[in-house]
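For reference, the structure discussed in these notes is given below.
Letters go in sequence order (proteins before strands), and every chain restarts at 1. Fair warning: this is a prediction, and the values are worked out from it, not measured in the lab.
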Protein chains: 2
Amino acid sequence: MAEELNERSQNILEAIVEDYISSAEPVGSRAITKRHSFNLSPASVRNVMSDLEEMGFLCSPHTSAGRVPTEKGFHYYIDSLLQVRDLSKEEETRLRQNYRFQGMKMEDIMQEVGRVMSGLSNYTGLVMAPKFASTVFRQIEFVRLSHGRLLVIYVSETGLVQNKVIEGVPDLSSHELEQISNYLNHELTGLSIQDVREKIARELQTERSNYDRLQKQALSLSSTALQDEAGDLIFVSGTSLMLEQPEFSTPDQMKRIIKTLESKSTLIELLDQSQTAQGVQIFIGSQSQHVEIEGCSLVTSSFSNKKGAIGTLGVIGPVRMPYSEVIPIVDFTAQLVSRILEREAE
Amino acid sequence: MAEELNERSQNILEAIVEDYISSAEPVGSRAITKRHSFNLSPASVRNVMSDLEEMGFLCSPHTSAGRVPTEKGFHYYIDSLLQVRDLSKEEETRLRQNYRFQGMKMEDIMQEVGRVMSGLSNYTGLVMAPKFASTVFRQIEFVRLSHGRLLVIYVSETGLVQNKVIEGVPDLSSHELEQISNYLNHELTGLSIQDVREKIARELQTERSNYDRLQKQALSLSSTALQDEAGDLIFVSGTSLMLEQPEFSTPDQMKRIIKTLESKSTLIELLDQSQTAQGVQIFIGSQSQHVEIEGCSLVTSSFSNKKGAIGTLGVIGPVRMPYSEVIPIVDFTAQLVSRILEREAE
DNA sequence: TGTTAGCACTCATCGAGACAGAGTGCTAAC
DNA sequence: GTTAGCACTCTGTCTCGATGAGTGCTAACA
C-alpha cells in the first residue's frame, strides 16, 4: 500500500475517483481531459491510466469501457488524496438544527440520530447503542407482574433504560421490593455493570451471615436481572436509500442488501470492529470477511461519555461514496451524540 | 358481488385461482383440464373462462396468455369458495412450539410473534402493539436524570413498559419522587389511560385546597407524562420475503415495497382499520385507498386481553396468497397472543 | 525522452427481424 | 351442449448488424 505515485498519476487517479463518484460510470481518458484541465492529451492520460491499472488502482469492466477505481484505488484516494475539510460554523449550525432531542429517551435519540444522519448524507444510517455491559449503574426498579413474574427496570447513567421480565421468583410485597431496590440503588450506583456483576458474585459467595433475608434476596434478584447480555440495540434508517444506488439496481443485489440490513448480525459485527478505534473509520467492501456487504463501504465513528459507555454510528453505502461529505457528517454526529450522553449523565 | 355462478363456473374459477396461487402465472384452459379432472375439454373450459372474464372475475394480460384472477375473482374465491380448515391438534402443537416467550417483555414478545408468524407463513409479518391509550394503568415510577430532567417509567396491566423523558421539572428529592409515585400508584391503578387523563384533568381543575404541594406536583407530573400519545409500536419482520415474490421482482416494485414497509405510516393506517372487527380480516390490494400497497393483500386479526387493550397482527404479501394456509396461522397467533396478555395481566 | 495524432480493434448496447410456443376464439361437426 | 380443428395473436428469445465509446499501438513530433 506504500506504493509511490508521482504527482501526475495522483492527480489523474484523484480525477478518476471523483468523476466516478459522481457519475457511477467507468470514466474514459477523454472525459478526464475535458473535465479537469490538465494540459495533457487523452493519449497521455491513457498511458498513465494503463500504468495505474497495472498497479491495481484501476480496472476496466471490458476493453472498450473506461476505467473504474478498484478498492485499492479507493483506499489510496482516501488515505493519500482525500481532503476532508472541517465543517464551517454555518454548516455545523445547519446540521445541529436538524437534531431535536428535547424530551427523548435513549432509544428515541438513537433512532433519531440515525434518521437525521441518513437524511443528511443520503445513505443508510446505522446506530448501535452503547452495550448494556459497558453502561454504568444508576438505578434499578422492580414491578410485580402476575404471580411469580417480575419486571426489572434498569436505568444506566446515560439514561438508557432496559427492562426485562424474570420468572419464577418468590412472591414479594411491594414494600419488600421497594426495600430491595433501595438497598441495591444504594450499593451499586456508579459502578459499571461489569463491576456490579463481580461485586454481586463475590457477595453471593461469601454468604455473610449478617445479611438478612431481604439482602440476600436482593442480591439474587439483581444477579438474575443483570445476568445475560441484553440484545444489541441497533437502528437502521433509510434502508431504501440503498436501493437508489446504481450499484445495487438489480433485483438480486437488492435482495442481498435488504437481507443483510434486515438480519443485523453482520452489521453488529462490523460496528463492533470499529468500536475500538478513535475518530472516523472507513471500511471498504471486501476488506472485511463479510461477503454480504460486497460493494459496500462503511463510514463509522464511535461515541461515548466520559464514563466510557461506547456506541458506534455511521452510514453504509456503495464503495463509490462522496467521502469528503460523508465523513464530516459522521464525525460531527458522533461528537454531538457524545455530548448529549455527557449531558444525560449530568 | 352477489353475482350467481353455476357450479361449473365456480369449480373452474376455484381451479384457476388455486393454480395461479401456486404458479404465479396466467393459467390456460389446457392446464386446467390437465391438473383437475373435470370431464371437460379445453374448449369448454375456454367458454366458461370467457364468461368469467366478461363478469370481471378473470382477465388476460394479453390475447395469447392464460387468464389471471382479478381482485374481484380473489374476493369471490375467498368469500364463497375458500374452505379454511381448522388446525389439527398436532399442527397447533407444532405452531405453539415455535413460540418461546419465557422471560420476555412486551416489546420482545411482539417482535418475536412477528418473526415466528413470518417464518411460518413465509410472508412478511406485521404486529402492532396495543396502543398506549388503550392500556390500563398499573404502575408509574420516576427516575432522576440530570438537573431538571426526569425519566418516567409507566407500566401497563399487560406489562407494556413505556418510558419517556420530561424536561423542565422542578428538582425533587428521591424521597419526594417516591412519595409522588406511591400516591399516583395508589390513586390510578386499574384505570384506563383514558380515565386517568380525565381524572387528572378534573382534579387539576378543581385545585382543591386540601391538596398538599406534593400531590399537586404529582398530578402535574403525571399529566405531562401521560399527555401525548406515545408513537405506535409496530414491528415488521421478514421484509425480504416480500422481495422473493415474483409479483415484486422488478427493481421499481422492490423499491416501492421496501419504502412502504419502511415508513410504517401506511401500515399503521391499514392495521388500524382492521382493529375494530372480530376475527381474521382480509384486505385485498386497492380495496384500500393506499396506492403504495397495490398488488398486496393483508391478512390480519386483532388480539386483546379481557380489559380490552387491543393490538393487531397479520401478514402482508401478494394478492396471490395461499389464504387457506395463512388464515389459520394468523388466527391462531392472534388467539395465542391474547392468551399471553391475559396471563400477563394475572 | 516524453507527448501526441491517427488508426485499427474490441466490446457492450440497441433495434429490427425471424421464429417458436402458448393460448385464444371461432366454426363446424358430433 | 360439447368438442375437434384451425387460424390468429401475442410474447419471449435469438440473432444479426449497426453504432459508438474507448482503448492500445505505432509513428511522428518537440
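Mapping Ala65(A) and Ala43(B) onto DNA chain D by nearest heavy atom places Ala43(B) at the nucleotide closer to the 5' end. Mapping Asn39(B) and Met49(A) onto DNA chain D by nearest heavy atom places Asn39(B) closer to the 5' end of the strand.
At least one donor-acceptor pair closer than 3.5 Å links the side chain of Thr70(B) to the backbone N or O of Phe57(B). Looking only at distances, no side-chain donor or acceptor of Glu292(A) sits under 3.5 Å from a matching main-chain atom of Thr266(A). For Arg67(B) (side chain) and Leu52(B) (main-chain N/O), no donor-acceptor pair under 3.5 Å exists by modelled atom type. No side-chain donor-acceptor contact under 3.5 Å links Ser297(A) to the backbone of Gly317(A). Between the side chain of Ser324(B) and the backbone N or O of Val84(B), no donor-acceptor pair lies under 3.5 Å.
Rounded to whole angstrom, the span from the CG atom of Asn47(A) across to the C1' atom of dA27(D) amounts to 14 Å. Rounded to an integer number of Å, the gap from Ile32(A) CD1 to dA21(D) P is 17 Å. In this structure, Glu25(A) atom CD and dG20(D) atom C1' are separated by 14 Å, rounded to whole Å.
Among the duplex regions that DNA chain C forms, those built from at least three successive Watson-Crick or G-U pairs under 3.5 Å are C:1-30 with D:1-30, ordered by first number.
Within 6.0 Å of the CG atom in Asp86(B), the count of heavy atoms belonging to other residues, nucleotides or ligands does not exceed 12. Within a 6.0 Å sphere centred on CZ of Arg115(B), heavy atoms belonging to other residues, nucleotides or ligands number more than 12.
Across all strands shown, Ser29(A) has heavy atoms under 4.0 Å from sugar-phosphate atoms exclusively, and none from any base.
For the residue pair Arg320(B) and Ile21(B), the shortest heavy atom distance occurs at NH1-O, 2.6 Å.
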Q: Tell me, with the steps shown, if Glu269(B) and Asp272(B) meet side chain to side chain contact (heavy atoms under 4.5 Å, CB included).
A: CA-CA 5 Å; Glu269(B) 284 181 44; Asp272(B) 268 346; 5.5 Å; no
Q: Show the numbers, then the answer: is there a side-chain hydrogen bond (donor to acceptor under 3.5 Å, both in side chains) between Ser118(A) and Ser237(A)?
A: CA-CA 6 Å; Ser118(A) 167; Ser237(A) 330; 5.7 Å; no
Pairs under 3.5 Å (N/O, protein and nucleotides 11-15 of chain D):
none

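Note that the first and last nucleotides of DNA chain C, 5' to 3', having any atom under 4.0 angstrom from a heavy atom of chain A are dT3(C) to dA12(C).
Using the six-membered ring where Trp is involved, His36(B) and Phe38(B) have ring planes that are parallel, under 30° apart on the 30 and 60° scheme.
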